[in-house]
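Taking it in order: structure first as C-alpha cells, then the write-up.
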Number of protein chains: 2
Amino acid sequence: MRISDLAKATGCHLETVRYYERIGLLPPPVRSKAGYRDYRDSDVERLRFVVRSRALGFSLEEIRSLLTLASRTELSCKQVDGVARMHLAQVEAKQRELAALATELRGMIETCHHDTRATCAILQSLAG
Amino acid sequence: MRISDLAKATGCHLETVRYYERIGLLPPPVRSKAGYRDYRDSDVERLRFVVRSRALGFSLEEIRSLLTLASRTELSCKQVDGVARMHLAQVEAKQRELAALATELRGMIETCHHDTRATCAILQSLAG
DNA sequence: ACTAAAGTCTGTAGCTACTACGGAGTCAAC
DNA sequence: GTTGACTCCGTAGTAGCTACAGACTTTAGT
C-alpha cells in the first residue's frame, strides 16, 4: 500500500503522514526498490488511532503515550484512563475560558450604540 | 519610559513588546543616545489595547484592523462591530466544537471498565 | 517503444504568537 | 572601578501541520 492509499484510508493528509513518521509517531515503513513507502494494514490501524485521537484534541505527545500504553495489552488501563481524564479536564478548562470570553464579548457588543468610533463601546472596552 | 517600564505598565512580556514592534503592531519608538527604546504614554495606551484584545482572543491581524479602525475616530463603528461579532462567532463555534469533544470524551471514559488494556473501551474507541 | 500525466521522494520554509537564548554594550550604585 | 541590572540585536525554538521545489518513478494511452 502506497502513501496516498494510506492517506485515503485514514483521512490523513499525505504530507502529515510523512510528518508523523519524521517525528517518530509512525514507524518507518518498508520501502520498494525505488524507495517508495510500502504500508501494511497495521499501519492503517495505527494511523487511524492517531487521526481519531487528534480529532478528539489529544496532543501528539499524549497520543505517543497512548500508543505506547496500548502496546502492552496485558497491563491495567488505569494510565490510559488517566490520560483521557487529564485531557477532558483540559478541554473543560478551555470551555470555561471560552465561556468567559463569549460573555465579555457579548457584553461589549450589546453595549455599543453604533455611533462613531470615538464613542464606540467596543473600542473603549478594548482600551481598558 | 524604558521597555521594562512599558512591559510592567501593560502586563506584556518584554520580549513580546519587541516582537510586536518587529511585526509592525507597535510603532518604532524614539531611541536614547545609547539606542534604548523610549516610550510615551500613548504607547502604553496602544499596547494596553493590544494586550486586552489578545486576552479576549482576537488574533494579531484582527487587532491590527481594530487599531487602524480606531484611529479614524470620526467614522462609524460598524466595522469595529463587525470584527467583534465575527470573533464572537468564532468563539462560539469553538465552544460547540469543545462541547462535542467533551461529550465524546466523557462517554469514552464512562464506558471503560478499568480492566486490561486489551479490553479498554477508551483504546477501542480511539482505534475507531 | 514513447510520451505525458500522475505519483513519490527529500529537504526546506512557511504559518501563529510568542519565548528564550547568546554575546555585546550601557547604566546606576557602591 | 567594578558589580549587577538593564538593554540591544539576531536567531532559533515551540505545536502541528502545510506547501513548496526539483528530481525521480510509475502508469496509462497511443
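Heavy atoms only: backbone and side chains are in, while hydrogens, waters and symmetry mates are out. By convention in this document, chain letters (A, B, ...) are assigned in the order of the sequence lines, proteins followed by strands, and residues within each chain are numbered from 1.
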Just N and O in the side chain of [X]: are any of them under 4.0 Å from OP1 or OP2 of [N]?
X: B:T16; N: C:dA17; result: no
X: B:H13; N: C:dA17; result: no
X: B:Y20; N: C:dC18; result: yes

Item checked: Residue whose closest nucleotide on DNA chain C lies nearer the 5' end, A:S4 versus B:R18 -> A:S4
Carboxylate-amine/guanidinium contact [X] [Y], below 4.0 Å:
X: A:E15; Y: A:R22; value: no
X: B:E92; Y: B:K94; value: no
X: A:R52; Y: B:E104; value: yes
X: A:E45; Y: A:R40; value: no

Rounding to an integer number of Å, can you tell me how far [X] [atom1] sits from [N] [atom2]?
X: B:M1; N: D:dC6; atom1: CE; atom2: P; result: 16 Å
X: B:Y19; N: D:dT14; atom1: OH; atom2: C1'; result: 13 Å
X: B:I3; N: D:dC9; atom1: CD1; atom2: P; result: 9 Å

Next item on the list: Using heavy atoms and a sub-4.0 Å distance, could you list which residues of residues 23-50 of chain B are near DNA chain C? By number, please.
Entry: B:A34, B:Y36
Check: Tell me, which of residues 51-67 of chain B have any heavy atom that sits under 4.0 Å from an atom in DNA chain C?
Finding: B:R54, B:S59, B:L60
Next item on the list: Group every Ile, Leu, Val, Met, Phe, Trp and Tyr by side-chain heavy-atom contacts under 4.5 Å, then state whether A:L47 and A:V30 land in the same group.
Entry: no
Note to self: When you group the ILVMFWY residues by side-chain heavy-atom contacts below 4.5 Å and let the links chain together, are B:V83 and B:L75 in the same group?
What the structure shows: no
Margin query: Between B:D38 (side chain only) and B:S32 (backbone N and O only), is there a donor and an acceptor less than 3.5 Å apart?
Written below: no
For nucleotides 12-15 of chain C, give me every protein contact, N/O to N/O, under 3.5 Å, one pair per line with atom names.
none

Note to self: Of the options D:dC20, C:dT8, D:dC8, whose atoms approach the side-chain atoms of A:R2 most closely?
What the structure shows: C:dT8
Item checked: Nearest-neighbour nucleotide for the B:E15 side chain, D:dC20, D:dG10, C:dT8 considered -> D:dG10
Next item on the list: State, with a plain yes or no, whether a side-chain heavy atom of A:Y19 is found less than 4.5 Å away from one of A:L25.
Entry: no
Margin query: Tell me which one of A:D43, A:L67, A:V17 satisfies side chain to side chain contact (heavy atoms under 4.5 Å, CB included) with A:L26.
Written below: A:V17
Next item on the list: Any chance you could measure A:T10, atom OG1, to A:F49, atom CZ, to the nearest 0.5 Å?
Entry: 14.5 Å
Next item on the list: Compare every heavy atom of A:M108 with every heavy atom of A:A121, then report the nearest pair and how far apart it is.
Entry: CB-O, 4.4 Å
